Amino acid sequence: MTVSIRLAVSALVLTAILLTAAASSLLWWRTAESISRQLASTINEQIVAAVRKEVSAIVGEARAAHTAIRTLFLQNVLDTREADKREFVFLSQLQSQATISWVAFGWPDGSFFAAHKLGDGHLEMMEISKTDHPGQRRIDEYRVIPGDIEFETRRFEPSDFRVINQAWFKTSMGSNGPQWFRVLDHPIGPRPSIAFAGPIDVYQERQGVLAVVIEYTRLSRFLAQLEVGRTGTAFILDKSGELIAAPDKDADELHPAHSRIDMLPLARMAMNEAGDRGGDDAWRRRLSSDGAAYEVALTPLPFPGWSLVTVIPEAEFLAPVETTLRRLVIGLAVGALLAALLSAMLARSVIAAPLARVVGEIRHVENFALDQVRRHPSRLAEIASLSGAIAEMAAGLAAFRKFIPADLVRSLLRQGIEAKPGGSIQELTVMFIDVVGFTGLSERMGDRVVPLLSRYLDVASEVIVAHGGTIDKFIGDAVMAFWGAPTAQAEHALLCCRAALACRQAIEAAGVRDDQGHLLQIRIGINSGRMLVGNVGSELRLNYTVIGDAVNVASRLEGANKHYATQILIGAETKRLVEGAMVTREIDRIAVYGRTEGLAVYELIGSATGDARPAWIIHYEEGLLKYRERDFAGARYCFEAALRQRPHDRPAELMLERCKLLEQSGADDEWSPVATLRSK
């Protein structure tokens, strides 16, 4: 690992200051942390006291309500079948006891009656009778008004609730006194609750079972009233870790609890770690989850098996300490930075900045951007000497840029391709460009051909580079270029075809003319396929190029233009890749020089504009199809139609000549619609 001179000097100054500051800050942090934890413990004790008091009150209210109603039954003040008085007593208990949700009574024959709160604003009384309306639940709903209740509606609903199947009923029918039960099923559906239930005997005859029920939602509403810090929470769990209640201020008999339970796993973790403990003392631990620390306390409640678990994020009470410490650290850091600035500024202006500029010039050389290299003076002799040496090196390298493709070198450097023999097989597109009649032109002009050739090569090179091509080499008047490497190009074939059309237009627009005043004509061959691309050569001399059969075919296609008097011929794979984007026509199936098998050859006409293909192309390709089917008369008719629409089309003239000869001489069994080109 390396660091700058400026950082090294600054670090020496900062280290001494910060070590002293860190030692004093750590001592202060430890003291503040201890005080904050004591504060958290005090908050927890207050919460536990409030919850224990509330749970004791809830348990006491349930017992008191059960005792009061049971006494009325035992003293024969109220008969279990006396509906009006029973309803009045049950409703009065619901109204007088805020935490009670149900007062219910079940008879041995399966009949059932209950008064039930519907939140704070409504009550309902329901009855399931085995004689009147069997299988139906009668519901009378009341609205609570100040000091009274007001009847609203009566309705009947189907019900499959059977009180004799409930555990609290069955157990109480066989017991001698009331006890607590956990209840889930109610006539209106599942409602997690606890019930204080016991038998009612009148004159030593068991009348049924009376139950006072408290839904857990009432506990959730109470927990929501507690302030467990700003972001902490409290849970009531049973001994198995099942959730009894979590804070929800809107929970009641109509609204199930939708509590924030993201800290519930920590509460259950505390239950597991605490295990079976006796006594009423709180169990406290510091637990961690997802990188955050929490203070967790578990305290038994005055209900069998219940415990209160409070979870307070450590940041809740350590945040002020951390804020103060952060301010202290910031203050110390600012002071340390100011003390180090003078030394850092000196190191920067004298050493670091000049070196950074020199490194920047080396980066220019690395990226082969030699024209951007500059000489930088410095007060330090060594840095000035280094800058001068780099500038001289760049000047020497710049003299060789015209002998090598600079853009190619930059691309290879960016991709980290080492200058050693090697390559890979890739699907690319290669193009060969040649000047028509260059041999005779060079004989006539002698050394005067060099400026003409340079102008032509300049125009072609600019177009190829502008279309993303890589110029491989110049072979006399020929240009070899390829697309798809070293930078990958998804549309390498399309880019190459566009470059070919642009080359033809650019040479015409530039007005490049030979010694006789004629515009310079070019032939282009294009082919796509899998080929070897990479550094080819020896350890002494390398050339980044492409080789392979697909490359050879492109060279042969360039030469085939001479036979068909065309300008741009492309291979079948190139045609497939540019289908829809370019207008082409199939010229023939030929066996080029050096190959025996036939391959399809296409002429590149131009870019597709969305219009229908020209009629002369359609006639030509129809004639080509008939020609291959040995329908020479039909083929001749199609080629003649193509020539009427495009006179002097040399491929159509050649095919027409072939058809006339074959009509006269006929075609034997060995005849093949593949033309053999005898020259390159």
Side-chain angles (χ1 to χ4, degrees), residues 370-371 398-409 429-483 495-527 541 543-546 551-570 592-593 603-607 648 650-651 677 679-680:
L370 303 177
D371 54 344
F400 292 92
R401 284 194 302 177
K402 293 188 177 181
F403 295 94
I404 56 176
D407 291 335
L408 175 60
V409 173
T429 299
V430 64
M431 176 172 74
F432 284 87
I433 308 176
D434 205 353
V435 176
V436 176
F438 183 76
T439 301
L441 179 64
S442 61
E443 290 177 354
R444 292 195 308 271
M445 297 185 68
D447 59 359
R448 290 182 297 115
V449 79
V450 174
L452 176 64
L453 183 61
S454 296
R455 189 178 179 193
Y456 144 69
L457 291 176
D458 282 342
V459 173
S461 299
E462 288 177 2
V463 171
I464 290 170
V465 171
H467 286 78
T470 299
I471 298 176
D472 187 308
K473 60 177 71 72
F474 300 129
I475 312 168
D477 64 313
V479 181
M480 176 182 174
F482 55 89
W483 278 257
L495 290 171
C496 181
C497 289
R498 287 173 177 167
L501 295 172
C503 276
R504 185 171 64 186
Q505 295 172 357
I507 291 173
E508 292 176 359
V512 183
R513 297 179 182 271
D514 60 16
D515 58 326
Q516 297 176 350
H518 300 141
L519 282 172
L520 209 63
Q521 300 294 315
I522 60 173
R523 300 190 187 103
I524 300 176
I526 298 173
N527 192 39
R541 180 76 177 271
N543 183 24
Y544 187 79
T545 186
V546 291
V551 180
N552 298 333
V553 169
S555 177
R556 301 296 184 266
L557 291 178
E558 182 273 319
N561 281 293
K562 183 177 182 180
H563 179 74
Y564 292 99
T566 52
Q567 281 192 307
I568 307 174
L569 290 180
I570 66 176
V592 297
Y593 182 83
E603 181 184 9
L604 179 63
I605 306 298
S607 298
H648 310 300
R650 185 55 184 163
L677 303 186
S679 61
K680 296 184 180 179

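All figures in this text were calculated on a predicted structure; none of them were measured in a lab.
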Trainee: Looking at W483 and H467, would you say the former's side chain and the latter's main chain have a donor-acceptor pair under 3.5 Å?
Mentor: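 Looks like yes, one N/O pair under 3.5 Å.
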Trainee: If you compare all heavy atoms of A506 against all heavy atoms of V463, which two are closest, and at what distance to 0.1 Å?
Mentor: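 That closest heavy-atom pairing would be CB-CG2, 3.7 Å.
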Trainee: First locate atom CD1 of I475, then atom CD1 of I433, and finally report the distance between them rounded to the nearest 0.5 Å.
Mentor: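 Answer rounded to 0.5 Å: 11.5 Å.
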Trainee: Report the residues that fulfil side-chain hydrogen bond (donor to acceptor under 3.5 Å, both in side chains) with R498, sequence neighbours left out, ordered by chain and then residue number.
Mentor: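 By the side-chain hydrogen bond (donor to acceptor under 3.5 Å, both in side chains) rule, R498 matches no residue at all.
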Trainee: Determine whether the side chains of Q567 and R504 contain a donor N or O and an acceptor N or O closer than 3.5 Å.
Mentor: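 There is such a pair between these side chains.
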Trainee: For side chain to side chain contact (heavy atoms under 4.5 Å, CB included), just list the numbers for V459 and C503, CA-CA rounded to whole Å, side-chain angles, deciding distance to a tenth of an Å, and then say yes or no.
Mentor: CA-CA 7 Å; V459 173; C503 276; over 6 Å; no
Trainee: How many angstroms lie between CG in L495 and CD1 in I464, if you round to the nearest 0.5 Å?
Mentor: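 If I round to the nearest 0.5 Å, the distance is 12.5 Å.
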Trainee: Looking at L501 and I605, what are the two nearest heavy atoms and their distance?
Mentor: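 The answer is CD2-O, 4.1 Å.
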Trainee: Given side chain to side chain contact (heavy atoms under 4.5 Å, CB included), test L441 with L452 step by step and report yes or no.
Mentor: CA-CA 10 Å; L441 179 64; L452 176 64; 3.7 Å; yes
Trainee: About how many Å separate CZ of R556 and CG of N527, when rounded to the nearest 0.5 Å?
Mentor: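 N527 CG to R556 CZ: 12.0 Å, rounded to 0.5 Å.
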Trainee: Check the pair M480, V430 against side chain to side chain contact (heavy atoms under 4.5 Å, CB included), reporting the backbone distance first and the verdict last.
Mentor: CA-CA 7 Å; M480 176 182 174; V430 64; 4.2 Å; yes
Trainee: Taking the side chain from D477 and the backbone from V435, do they hold a donor-acceptor pair closer than 3.5 Å?
Mentor: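 Checking the backbone N and O of V435 against the side chain of D477, a donor-acceptor pair under 3.5 Å is found.
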Trainee: Quick one: does L457's side chain get under 4.5 Å of V479's, heavy atoms only?
Mentor: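 In short, these two side chains touch, coming nearer than 4.5 Å.
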Trainee: Sequence neighbours left out, what pairs pass side-chain hydrogen bond (donor to acceptor under 3.5 Å, both in side chains) with at least one residue falling in residues 452-464?
Mentor: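 Output for this query is empty, none listed.
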Trainee: Taking the side chain as every heavy atom from C-beta outward, state whether F438 and V449 have any pair of such atoms under 4.5 Å apart.
Mentor: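 Touching, per the 4.5 Å side-chain cut-off.
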Trainee: Does any pair with a residue in residues 437-448 pass side-chain hydrogen bond (donor to acceptor under 3.5 Å, both in side chains), and if so which ones, sequence neighbours excluded?
Mentor: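 For residues 437-448, and leaving out neighbouring residues, the side-chain hydrogen bond (donor to acceptor under 3.5 Å, both in side chains) pairs sorted by first residue read R444-D515.
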Trainee: Kindly say whether D514 contributes a backbone atom to a donor-acceptor pair with the side chain of H518 at under 3.5 angstrom?
Mentor: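 Looks like no, no N/O pair under 3.5 Å.
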Trainee: Enter the distance from L604:CG to T566:OG1 here, rounded to the nearest 0.5 Å.
Mentor: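 So the CG of L604 and the OG1 of T566 are separated by 10.5 Å.
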Trainee: Below 4.5 Å, heavy atoms only, C-beta onward: do E603 and I568 meet side chain to side chain?
Mentor: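 A side-chain contact is absent here, since even the closest heavy-atom pair is not under 4.5 Å.
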Trainee: How many angstroms lie between CZ in F482 and CZ in F432, if you round to the nearest 0.5 Å?
Mentor: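 Reported to 0.5 Å precision, the distance equals 10.5 Å.
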Trainee: Take L557 and I570 through the side chain to side chain contact (heavy atoms under 4.5 Å, CB included) test and state the conclusion after the steps.
Mentor: CA-CA 7 Å; L557 291 178; I570 66 176; 5.6 Å; no
Trainee: Which value, rounded to the nearest 0.5 Å, describes the distance between L519 atom CG and R513 atom CZ?
Mentor: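 Between L519 CG and R513 CZ, I get 4.0 Å after rounding to 0.5 Å.
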Trainee: Any idea which heavy atoms bring A500 and I524 closest together, and the distance?
Mentor: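 Heavy atoms of A500 and I524 come nearest at O-CD1, 3.7 Å.
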